[in-house]
Amino acid sequence: MKLDFTKSEWEDFTQNCEFTDNELEVIPLIRRGWALVDIAYELCISESTLKRRKRKIEYKIIRRISEGSL
């Protein structure tokens, strides 16, 4: 899933998707188009940890969209 949404959509997601602090740390870097390897390096985490966080972010966004609340 490409995380390409408008600013207002991201504001809705951050207010309503109950992201963890770790997920909120990742989101701005993904939005800027950073490569996963670079994000992992910047945050001093493994790529597998980063991929897991990204999957959780995607799941929460999909759930929010499917609720029809957006």
Side-chain angles (χ1 to χ4, degrees):
M1 167 183 208
K2 185 167 181 172
L3 299 175
D4 189 23
F5 298 99
T6 66
K7 183 178 178 181
S8 63
E9 289 170 329
W10 275 112
E11 288 172 2
D12 177 78
F13 295 145
T14 55
Q15 292 174 4
N16 298 298
C17 288
E18 300 178 7
F19 293 124
T20 66
D21 290 340
N22 288 333
E23 292 164 350
L24 289 171
E25 187 176 45
V26 170
I27 290 171
L29 303 176
I30 291 172
R31 288 187 64 203
R32 290 185 194 126
W34 285 33
L36 293 181
V37 66
D38 295 330
I39 296 171
Y41 180 81
E42 178 72 18
L43 299 178
C44 300
I45 59 175
S46 69
E47 284 187 66
S48 61
T49 297
L50 177 60
K51 288 176 184 177
R52 185 173 54 253
R53 288 182 190 173
K54 186 174 183 275
R55 279 193 309 271
K56 288 180 179 181
I57 291 167
E58 292 168 345
Y59 170 78
K60 291 176 181 182
I61 289 172
I62 289 168
R63 188 177 63 202
R64 176 76 177 153
I65 292 170
S66 68
E67 290 173 349
S69 303
L70 187 62

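Just so you know, residue 1 is the first one in the sequence shown, and it goes up from there.
Pairs passing the salt bridge (charged side-chain N to carboxylate O under 4.0 Å, His left out) check and including a residue from residues 17-28, sequence neighbours excluded, read E23-K60.
Across I27, T49, L36, I39, a single residue satisfies side chain to side chain contact (heavy atoms under 4.5 Å, CB included) together with K54, and that is L36. The side chain to side chain contact (heavy atoms under 4.5 Å, CB included) with N22 is formed by just one residue from the set R52, R53, K56; it is R53.
What you find for F19 and F13 is that their closest heavy atoms are CE1-O, 3.5 Å. Contact detail for C17 and R63: the closest heavy-atom pair is O-NH2, 4.2 Å.
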Please tabulate, for side-chain N and O atoms in residues 28-35, each donor-acceptor pair with protein atoms closer than 3.5 Å (sequence neighbours left out).
none

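By the side-chain hydrogen bond (donor to acceptor under 3.5 Å, both in side chains) test, N16 pairs with D12, sequence neighbours left out. Qualifying side-chain contact (heavy atoms from CB on, under 4.5 Å) partners for S48, counting only residues two or more places apart in sequence or in other chains: S46.
From Y41, atom OH reaches atom CG of L50 across 15.0 Å, with rounding to the nearest 0.5 Å. Atom-to-atom distance recorded for Y59:OH and R55:CZ is 13.5 Å, nearest 0.5 angstrom.
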